[in-house]
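Input: a single structure, listed below in structure tokens.
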Amino acid sequence: GNGMIIAVDGPTASGKGTIARALAAHFGLPHLDTGLLYRAVGRQCALNGGNPDDPADARAACTFPDSLLDDPELRSEATGGLASRVSIHSDVRKALYERQRSFATQPGGAILDGRDIGTVIAPEADAKLFVTASVEARAERRHSEMLEQDRAVSIEDITADLAARDKRDRTRKDSPLVVAEDALVIETSGLRREEAIAAAIAAVDALL
Ligand code: C5P
């Protein structure tokens with residue numbers, strides 16, 4: 001494709017989803033939340049009665065109905081944890097590659113958010129952002145999201161869960177969460193939502 005590709009990577013609850021959606025609206029690009037694909041695999045694995053740590057069970061869960069992507073359960077912390085566990089298996093990453101790659105290379109351009117967009121899925125991206133924030137800021141954000149969805153979770157549980165997922169995402173062998181060499185880092189800890197979005201738009205404008 002000849003369209004512009006924007007890669008947005010970063011840890012969970014960093015604000016990368018919000019930023020990616022705002023950039024998509026601003027630049028008029030289709031957007032793919034790739035975490036949702038891994039969440040669908042994690043959820044499908046649980047529905048199959050499989051073990052997310054077992055490579056064969058995780059691989060089998062890569063066959064899921066598209067309708068699963070609309071399941072509100074995909075947004076839960078529990079499913080996020082399952083996603084993080086199935087995502088370490090290379091067969092899972094391979095199974096999801098083509099879907100992400102063809103989205104990234106569609107003719108009009110695209111914006112994708114995830115962990116390895118700028119490093120693996122679309123290394124040729126025109127703009128790469130790495131969105132990050134302190135564990136405390138991310139835990140607080142995730143906590144208010146959960147309260148809005150009427151999900152009762154303690155900030156301590158969320159913090160422990162975020163730390164475990166960060167560690168798994170950063171230390172896995174296949175496609176770990178790393179800052180791409182040519183990525184621009186946006187640290188959102190002290191920023192309000194609108195400020196983070198404005199910083200991201202300015203960063204992309206400067207890169208183009
Ligand atoms: O971004 P989100 O929290 O929805 O992602 C859920 C999990 O899916 C992450 O913890 C990560 O392990 C995995 N993931 C990944 N590669 C991506 C997107 C998500 O490994 N591109």
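Both counts, for ligands and for their atoms, begin at 1 and track the order of listing. We number each residue from 1, following the sequence as shown.
Protein residues with a heavy atom closer than 4.0 Å to ligand 1 are Thr12, Lys16, Thr34, Gly35, Tyr38, Arg39, Ala83, Ser84, Ser87, Arg93, Gly114, Arg115, Asp116, Arg165, Asp169, Arg172, listed by chain and number.
Comment: Asp174 does not engage Lys94 in a salt bridge, judged by the lack of any side-chain N to carboxylate O separation of less than 4.0 angstrom. Between Arg101 and Glu98, none of the side-chain N atoms (NZ, or NE/NH1/NH2) sits under 4.0 Å from a carboxylate O, so this pair counts as no salt bridge.
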Steps toward side-chain hydrogen bond (donor to acceptor under 3.5 Å, both in side chains) verdict (Thr188, Arg138): CA-CA 9 Å; Thr188 65; Arg138 290 159 50 210; over 6 Å; no
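For the pair Ser87 and Tyr38, the tightest heavy-atom approach, listed with the atom from each and the gap, is CB-CD2, 3.5 Å.
Contacts of Glu73 classified as side-chain hydrogen bond (donor to acceptor under 3.5 Å, both in side chains), with partners at least two apart in sequence or in another chain: Ser76, Thr79.
Surrounding CZ of Arg75 are at most 12 heavy atoms belonging to other residues, nucleotides or ligands under 6.0 Å away.
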